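What's counted below: heavy atoms across the whole structure, side chains too, no hydrogens, waters or symmetry copies. Here the structure is a predicted model, which means the values were calculated and not measured.
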Amino acid sequence: MRKSLLAIALQVRSSHKIALLPTAMSPLQFQKQIRLQEARRLMLGENMDVASASFRVGYDDASYFSREYKKLFGIPPHRDIAKLRSNLG
């Protein structure tokens, strides 16, 4: 299911007919959220580093990715993943 949401998010940019999604987010906001959630999953579940996960979900600039990640999740990606891992273990 995550891959299909990511695929949808990546296609949203090319669609000019969608004004708002049922989530009340713009297509760009929806795309960004899905990409960041997928990156979080990759870092946590597949032990991917920040730069690799950001590139995998479509960010060319790891620094920009980290800023966007912090806006969504409240803390930088490396600290968030460490915190989530400590809560699991």
Original post:
Which is it for Asp49 and Met43 under the side chain to side chain contact (heavy atoms under 4.5 Å, CB included) test, yes or no, and what are the steps along the way?
Top reply: CA-CA 6 Å; Asp49 62 81; Met43 290 182 289; over 6 Å; no

**OP:** Please test Arg85 against Asn47 for side chain to side chain contact (heavy atoms under 4.5 Å, CB included), starting from the C-alpha separation and ending with a verdict.
**Re:** CA-CA 10 Å; Arg85 284 188 180 134; Asn47 294 317; 2.9 Å; yes

Subject >> Full working for side chain to side chain contact (heavy atoms under 4.5 Å, CB included) between Phe30 and Leu28 >> reply: CA-CA 5 Å; Phe30 176 74; Leu28 187 58; over 6 Å; no

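The environment of CZ in Arg79 is sparse: at most 12 heavy-atom neighbours from other residues, nucleotides or ligands sit within 6.0 Å. Atom CZ of Phe73 is surrounded by more than 12 heavy atoms from other residues, nucleotides or ligands within 6.0 Å.
Contacts of Leu72 classified as side-chain contact (heavy atoms from CB on, under 4.5 Å), with partners at least two apart in sequence or in another chain: Gln33, Leu36. Under the side-chain contact (heavy atoms from CB on, under 4.5 Å) criterion, Asp61 pairs with Ser63, Tyr64, sequence neighbours left out.
Salt bridge absent: Arg35 and Glu68 never bring a charged side-chain N and a carboxylate O closer than 4.0 Å.
Distance check: Lys32 NZ to Ser26 OG gives 8.5 Å after rounding to the nearest 0.5 Å. Atoms CZ and CG, from Arg56 and Leu42 in turn, are 5.5 Å apart once rounded to the nearest 0.5 Å. Leu88 contributes atom CG, which lies 6.0 Å from atom CG of Leu44 (distance to the nearest 0.5 angstrom).
Centroid-to-centroid, the aromatic rings of Tyr69 and Phe65 come within less than 6.0 Å.
One N or O on the side chain of Ser54 and one on the backbone of Val50 form a donor-acceptor pair closer than 3.5 Å.
By the 4.5 Å heavy-atom criterion applied to side chains, Ser66 and Pro76 are not counted as neighbours. Proximity of Ile75 to Lys70: side-chain heavy atoms (C-beta onward) are nowhere separated by under 4.5 Å.
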